[in-house]
Amino acid sequence: MPHDLPKAYDPTAIEDRWAEYWVRENLFVQPTPSACAAGQADIFTILLPPPNVTGNLHMGHMFEHAESDILVRWRRMRGGRVLWVPGTDHAGIATQMLVERQLATEGTSRQQLGREAFVERVWEWRRHYGGAILGQMKRLGASVDWSREYFTMDENLSVAVREAFVRLHEQGLIYRGAYIVNWCPRCQTAISDLEVVHEEQKGHLWEIRYPVLDDLGRDSGESITVATTRPETMLGDVAVAVHPEDERYLHLHGKKLRLPLMGREIPIILDEWVSRDFGTGAVKVTPAHDPNDFALGERHHLPSINMMDATGHINAEGGAYAGLDRYKARKQVVADLEEQGLLAGIKDHINNVGHCDRCKTVVEPRLSTQWFVAVNKKATDRGASMAELAIAAVKPGPEGKKAIRFTPEQYEKTYLNWMENIHDWCISRQLWWGHRIPAWHCAACRKITVARVDPTACAHCGSKQITQETDVLDTWFSSGLLPVSVFGWPNLTAENRADFDAFYPTSLLVTGFDILFFWVARMIMFGCWFAGKEKMPNSSERPLAESVPFREVYIHALVRDANREKMSKTKGNVVDPIEIVKTYGTDAVRFTLASMASPGTDIAFNVARTEGYRAFANKIWNAARFLFMNVDRAAEIGIVVDPATLGGMPTVPDDAPLEDRWIVDAFQGVAARVNASLKDYRYDEAANYIYQFFWGSFCDAYIEIAKVRLDFSDEPNKAQIKAALSVLLGVLEASLRLLSPFMPFISEEIWHQLFEGNPPKLSIALAPYPVIEIDWLERANRGKNDPIRQMDRLLTLKTELLSLRKEMGVEEKVSVPIVLGCNQFLIQIIEKNRYWFERLAKVSEIEYDQNAGTNHPELKWRIGTDFVVAVIYNKVIDALAERERLTKDIAKYEKGLASAERQLGNEGFLAKAPVQVVEGLKKQEAETRILLEKAHTALEALPKI
Ligand SMILES: [Zn+2]
Ligand SMILES: [Zn+2]
């Protein structure tokens, strides 16, 4: 059956088809292993960082998924059990916000709908629109096990969340407390420190005079001035603090002040925390609205007055200001203070203002009751705290081995530093979408019942008057449990048990720096905590090294734009991966990302490179077409290469021609290097080795040489053709397998064609990866007989000759005589391979001359490490026409240069033009300068008339 590869490479035509095939055929499904497989060393598990269910694929995802997929495909082809688990996160705040916006357009709101109907509405949204990103992943060919797809709100994962909460509560590690949280008045929920984005803003520092009272409670005529950036919070002031040794205030110790506008008496308190050097040295104390003041208030047993409601409006505690929005209240407070003569001054001030990461609203520090995990408290049955275990998991153990290894290594320090200073984790969110906290408040005894099964009565007094807590859990609480919960914890039935024992701990986590604390740290805490108590297959308890959620963490870099700027919507430099894929194909985009990816290095994504790798894919396609054409032609005259001989490492007999021994050795070398590079996450090296081999060695050298042997003229040498075709097909087949993790689509397409639709496996992704068992470099270093050394000499000589010809203006098709000075060794190699060397180097005759340089001083010489060579060629040049052409060129370059210089010298233009435009202009200017110089030199070299 003749091969049927379309003439032009069209990625869209093949990619959709294979993407669909991989999913349909369940190729990447990893079933639950039988019990005996548990604990096997050749298991490779990786968990996809779950994208938000609301999300769409961006370049960062594509990069993360490409890096993971390359490793996963590589491991899978190397054998063993490989599992990549996909899923999505319910993303509490983001999803709730989205549905709320949708409701707003319908003129209703979540409050109007009520909790139950709202949650049902979110589920409905999810059924229709959720997980678009997973569909995009399918199209891009991510080789995940779709049968194991999870959603963090799924029933089984919710059971895990509930069990974790109840267990921690039983262990005394969950508590409720008043706490200053970052409050978003728009989202109306507490948000974590990590979800607050700080931005510098121009603001003011208002100085306010607080009158000092005498012993009878009357104005003494004296006052203390305090400064604040949020004057409205003074409505909630309960004291003014000064340093105990501050001499300015010694005489006021024990006195009281009258709080302006509110009229209440507040004490002057002494605290060493107050800085004497900052401002007046006196600070107002608002425990309910500032974290530092909250701590002060605790130390001095001061009351907390919460004067703002959940929407950022002043409440009844704010007296006359009640009902005003926080910024209106600020204006009013300042105006009233001024009127009463209590405003001492207003200064310009740069504030570092916290904004909600989700909706960009200014965050309000606000006192509220929240739920916490006591991460630093030792549980009696563990002898350690959660944070201590999470630190021990990353530090070297008793034998110097780390249970979790970070790449790049620097993140280990970042992680440890954060974990060593960690505060209790606020896990409650005032949302409706999420895992509702399994705690019930009793109206009779006021106590709380926490239970695995919804209770009908209070566990303390038996009262039926109980209501469930309205808060839900922080999204990271559930995603922190994923490594244990996706493998069935806590419901470890026989089947789940086999999964859990085989796949936990996972092998690797590939993720971004931005969620190191959010997610990575929490998975480590929860993994060590909960999995540590899960029995091993031999019924012993898991040691720390076996309870960690993953053994390695690879923190990938960022994808930036071509100018190394961070991609952002406001800058308008966001590259949409789907658009790029439509233009160049997934394979070319993946290869671009891989070719620049190495630990700790950000990627400057440049479409020009993708264009280059699209051309690479073209090159591969055309090479395959050329081969298939010859295979079909050979078949017509009865020459058949048995496909059964293909599939392993390509080999040739020891007495095979040099080029055959060379290409096979070179392939083994590149395979050895690619495997070693991938082990160290050097995607860039691996991709570049493959590129150089395929394009340079295989296409530009070997195929060109083979063309000489593939001679189908009158009396074809069948043995010679068959030998050449065997090597060509063997190396192509193995190269496709080497390439497959990087370019899965094109390799799959050509591979199926190569086996004429009857490949040995359902997919190239299931075929073995080319691995070389021996130390390749040792083997290859075989002295003068080393085919690589011999071939290198011939190819270097060829390259020098071609470049010399170009310089001398020899026409493409003309073969020319050469004079070559070199040793006997090179002469021998050339003579043995002359039948193809002359063709490739476009040589018609070779004159060997040891003293070539001195015998022919008139020739133009190229000097290599072990040769000198010259081309004998006399070009007839029409000097007049050449002079005319060069003069025209020079005029053109000079004009272009003048224009560029004018623009670059124009301050106004420089100030307004985008950076890219200016950079482009500078580059153009430099290039024109070089062209101009070259033209001048050429003109001077022309014979004078
Ligand atoms: Zn918000
Ligand atoms: Zn009760």
Side-chain angles (χ1 to χ4, degrees), residues 52-55 89-105 109-111 118 122 166 169-170 174-176 179-199 201 230 289 291 308-313 325-327 351-370 426-434 437-476 514-515 518 569-570:
N52 284 353
V53 66
T54 54
D89 191 283
H90 65 280
I93 297 183
T95 315
Q96 175 156 334
M97 241 176 80
L98 215 110
V99 176
E100 277 188 81
R101 266 195 222 135
Q102 207 178 44
L103 291 177
T105 64
S109 69
R110 110 181 119 97
Q111 287 81 1
F118 177 76
V122 183
V166 175
H169 188 262
E170 285 168 352
I174 283 195
Y175 67 93
R176 237 176 140 228
Y179 193 67
I180 286 275
V181 292
N182 304 298
W183 185 267
C184 174
R186 216 290 330 162
C187 300
Q188 292 191 31
T189 180
I191 55 178
S192 90
D193 286 347
L194 299 162
E195 291 161 320
V196 177
V197 191
H198 288 275
E199 260 172 44
Q201 278 182 354
R230 294 186 297 150
H289 296 280
M308 207 180 281
D309 69 13
T311 64
H313 289 73
D325 160 79
R326 53 184 167 160
Y327 298 113
N351 284 341
N352 203 5
V353 182
H355 292 76
C356 170
D357 192 21
R358 290 272 156 222
C359 71
K360 311 303 169 209
T361 303
V362 173
V363 164
E364 200 66 38
R366 181 170 175 266
L367 192 67
S368 63
T369 304
Q370 303 288 344
C426 175
I427 50 169
S428 46
R429 294 291 181 268
Q430 290 64 51
L431 301 173
W432 286 355
W433 175 238
I437 290 180
W440 282 258
H441 301 275
C442 174
C445 73
R446 302 260 150 222
K447 287 187 177 156
I448 291 172
T449 305
V450 169
R452 286 180 176 81
V453 179
D454 289 8
T456 51
C458 171
H460 308 280
C461 73
S463 164
K464 302 252 183 223
Q465 282 185 294
I466 54 169
T467 44
Q468 190 175 358
E469 168 64 53
T470 52
D471 288 358
V472 298
L473 287 164
D474 177 10
T475 306
W476 304 102
D514 53 337
I515 51 174
F518 272 133
K569 279 195 185 128
T570 30

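This one's a predicted model, so the numbers in the text were calculated from it and none came from an experiment. All ligand and atom numbering here is 1-based and tracks the order in the structure.
Minimum heavy-atom separation, R186 to C359: CB-SG, 3.6 Å.
The existence of a salt bridge linking E199 and K360 is excluded, since no basic side-chain nitrogen approaches an acidic carboxylate oxygen closer than 4.0 Å.
R429 contributes no side-chain N or O that, together with a main-chain N or O of G434, makes up a donor-acceptor pair within less than 3.5 Å.
Looking at T475 and F518, their side chains never come closer than 4.5 Å, going by heavy atoms from C-beta outward.
At the Zn ion (ligand 1), the vertex angle linking SG of C184 with SG of C359 is 100° (nearest 10 degrees). Here the angle centred on the Zn ion (ligand 2), running from SG of C445 over to SG of C442, is 110°, rounded to 10°.
Look at H460 and the Zn ion (ligand 2): no N/O/S atom of the residue is under 2.8 Å from the metal.
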